[in-house]
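Index from 1, following the sequence.
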Amino acid sequence: MDSQKMSPSTSSPKKSSITLHDLFVQECPHFTIPSSSPTSGNEELLSTISYCTFVFTFTDPLESPAQRDSKRLQLTRLVSILKSSKKPVHEKVLGPLVAMISANLFRPLPLPSNPSAISDFQKKKTPSPYFLLCDHSFLRNLLALLQSEDPRERESLKNVYHKIYSKFISDRSFMRKSMTEVLLNYVFETEKHPGIADLLEIWGTIINGFTVPLKEEHKLFLMRVLIPLHKTKGMQVYHRQLAYCVSQFVQKEPMLGGVVVRGILRYWPVTNCQKEILLIGELEDLVENLDPDQYRKLALPLCTQITKCINSWNSQVAERALYVWNNEQFVKMVSIGTVEVFTVVVEGMEKNLKWHWSTSVRQLTESVKVMLEEMDPDLYSKVLMGMEAKESMAHQEDIKRKKRWERIELEAAKNQFLNPQRYIRVSY
């Protein structure tokens, strides 16, 4: 998808980027710029465009509602003309047309409900009123509008930005870099941006078109941007889109699964149960696409975290972790793992059966225990014997510790009896 293709009709030795004119050419193969002077139709278009360039604030009491309705009708008429006309659009129309679009589209976004949520990214973007090319400034301003709190506007902007990405081949690198800056600013600076899910949707389609083997640039994006996105407080809002992007990478190169799994475990939440449930599901999906050669390396850290979730006092987290045992690939990973992996799992199951408060969790744990016993009965028995030996040793150590404290307390009491405390009265 990243390979640059230039057709003879759109390439030019004098231009390094595709212009808005080139986009019209791609959309309409018969589009050409006439050398003749503008026709009366072009004059009519220019008049309509000039009329629509005036921007209403919708807050000024002096603005006429009739004029606003008139502008809306003129815009609708302009769109209809551009869509239905088979005549070529004159080059002198394109400049005012893009300037009119920019004047109406780019504006300072209103303050969010939380004033501290204003990101530095938005402050740095100063809309420019005129564009003769769909240049980098135009793309930055378009991307800045994704901070709008209106989901309908973000949906339209998402579609427009992706359409531009698919057409403007020479600008794809810049567009990816701009989106990456927004995501990094969100992760490491503000954690405030309503359009992260929309950005990740665009990235999902882009990643889907990456060729194999993946470029180093794309792998760095996975490790430095996508994986850290798992640590933010608002991950639940965009987790579905994030999980899709990550899974696309692992499907294209299964060897990246180890990097992803370790990254998710590194950012595992401590007190956020809803995030834990989402991440358990993501890990389960990743196991499906892992390279089998990595099973032995990832079995211990992955099973340790899943076992901790099984022992969670939150019943939803514990049940979701127990359901992972319905995944055949996960069971296969445990079966080819080391004795240490099996020991961690069995100890977690036995702990649940003895101490967990939830009846449903204990029932699910019992089902998993039966599965483990059938998997390797001898090893299961050895692990149980080892657990009993550890508990016995721990009990003996506890008894010894209590006896030591009793001796210390007895010696302290004897010392106090033989050497009673003497108090000296001091007068002032």
Less than 4.0 angstrom from a charged side-chain N to a carboxylate O is my criterion; do E191 and K233 meet it? no

Rounded at 0.5 Å granularity, tell me how far CZ in R224 sits from CZ in F188. 10.0 Å

Before giving the answer on salt bridge (charged side-chain N to carboxylate O under 4.0 Å, His left out), spell out for E391 and K354 the whole-Å C-alpha distance, their side-chain angles and the decisive distance to 0.1 Å. CA-CA 13 Å; E391 291 177 359; K354 288 183 179 180; 3.3 Å; yes

L372 side chain reached by F342 side chain, heavy atoms, under 4.5 Å: yes

For W325, what residues pass the ring-ring contact (aromatic ring centres under 6.0 Å, His included) criterion, not counting sequence neighbours? F330

Those residues at least two apart in sequence (or on a different chain) that pass side chain to side chain donor-acceptor pair (under 3.5 Å) with T180 are none

Check against side chain to side chain contact (heavy atoms under 4.5 Å, CB included), S315 and W357: CA-CA 9 Å; S315 59; W357 63 270; 3.9 Å; yes

Residues in salt bridge (charged side-chain N to carboxylate O under 4.0 Å, His left out) contact with R77, at least two apart in sequence or another chain: E44

In Å, rounded to the nearest 0.5 Å, how long is the span from CD of Q67 to NZ of K71? 11.0 Å

Taking the side chain as every heavy atom from C-beta outward, state whether V317 and I280 have any atom pair closer than 4.5 Å. yes

Go through the structure and list residues passing side chain to side chain contact (heavy atoms under 4.5 Å, CB included) with P292, not counting sequence neighbours. Y295

Go through the steps for Y161 and M179 under the test side chain to side chain contact (heavy atoms under 4.5 Å, CB included), then give the verdict. CA-CA 11 Å; Y161 201 81; M179 289 189 289; 3.7 Å; yes

Supply the atom-to-atom distance Q236 CD to L242 CG, rounded to the nearest 0.5 angstrom. 11.5 Å

Less than 4.5 Å apart, any side-chain heavy atom of V225 and any of E181? no

Any side-chain heavy-atom pair of Q274 and Q316 under 4.5 Å: yes

Between N352 and I310, does a side chain to side chain contact (heavy atoms under 4.5 Å, CB included) hold up when you go through it step by step? CA-CA 8 Å; N352 253 21; I310 290 173; 3.1 Å; yes

Of all residues at least two apart in sequence or in a different chain, which pass the ring-ring contact (aromatic ring centres under 6.0 Å, His included) check with F221? W203

Partners of S70 by side chain to side chain donor-acceptor pair (under 3.5 Å), sequence neighbours excluded? Y51

Nearest heavy-atom neighbours spanning Q294 and G257: OE1-C, 4.0 Å

Can the ring centroids of H193 and Y186 be said to lie less than 6.0 angstrom from one another? no

Student check: side-chain heavy atoms of L78 and L97 closer than 4.5 Å: yes

Between CG on residue L256 and CG on residue L214, distance to nearest 0.5 Å: 6.5 Å

Stepwise side chain to side chain contact (heavy atoms under 4.5 Å, CB included) test for E366 and M349: CA-CA 8 Å; E366 187 65 40; M349 298 301 168; over 6 Å; no

Answer yes or no: is there a side-chain heavy-atom contact under 4.5 Å between E276 and C309? yes

More than 12 heavy atoms from other groups under 6.0 Å of NZ on K308: no

Just jot down the salt bridge (charged side-chain N to carboxylate O under 4.0 Å, His left out) partners of D150, sequence neighbours excluded, or say none. R152

Here the gap from I207 atom CD1 to L222 atom CG, rounded to the nearest 0.5 Å, amounts to 8.0 Å

According to the side-chain hydrogen bond (donor to acceptor under 3.5 Å, both in side chains) rule, which pairs have a member within residues 371-382, sequence neighbours left out? E350-Y380

Please check if any side-chain donor atom of T205 sits under 3.5 Å from a side-chain acceptor atom of H162, or the reverse. yes

Compare every heavy atom of C245 with every heavy atom of L200, then report the nearest pair and how far apart it is. O-SG, 3.3 Å

In this structure, are over 12 heavy atoms from other groups packed under 6.0 Å from K252 atom NZ? yes

By salt bridge (charged side-chain N to carboxylate O under 4.0 Å, His left out), E347 pairs with (sequence neighbours left out) K390

Residues forming a salt bridge (charged side-chain N to carboxylate O under 4.0 Å, His left out) with E253, sequence neighbours excluded: K219

Within a strict 4.5 Å, meaning less than it, do heavy atoms of the F174 and F168 side chains meet? no

Give a yes or no on this: more than 12 heavy atoms of other residues, nucleotides or ligands lie within 6.0 Å of atom CE of M223. yes

Tell me the side-chain hydrogen bond (donor to acceptor under 3.5 Å, both in side chains) pairs involving residues 281-293, sequence neighbours left out? H230-E282, H239-E282, E284-R320, E288-N327

Holding to side chain to side chain contact (heavy atoms under 4.5 Å, CB included), I want the full list of residues that pass it with S335, two or more places apart in sequence or in another chain. K332, M375

Roughly how far, to the nearest 0.5 Å, is the CG atom of D198 from the CD atom of E201? 6.0 Å

Heavy-atom side-chain contact between L265 and T304 under 4.5 Å: no

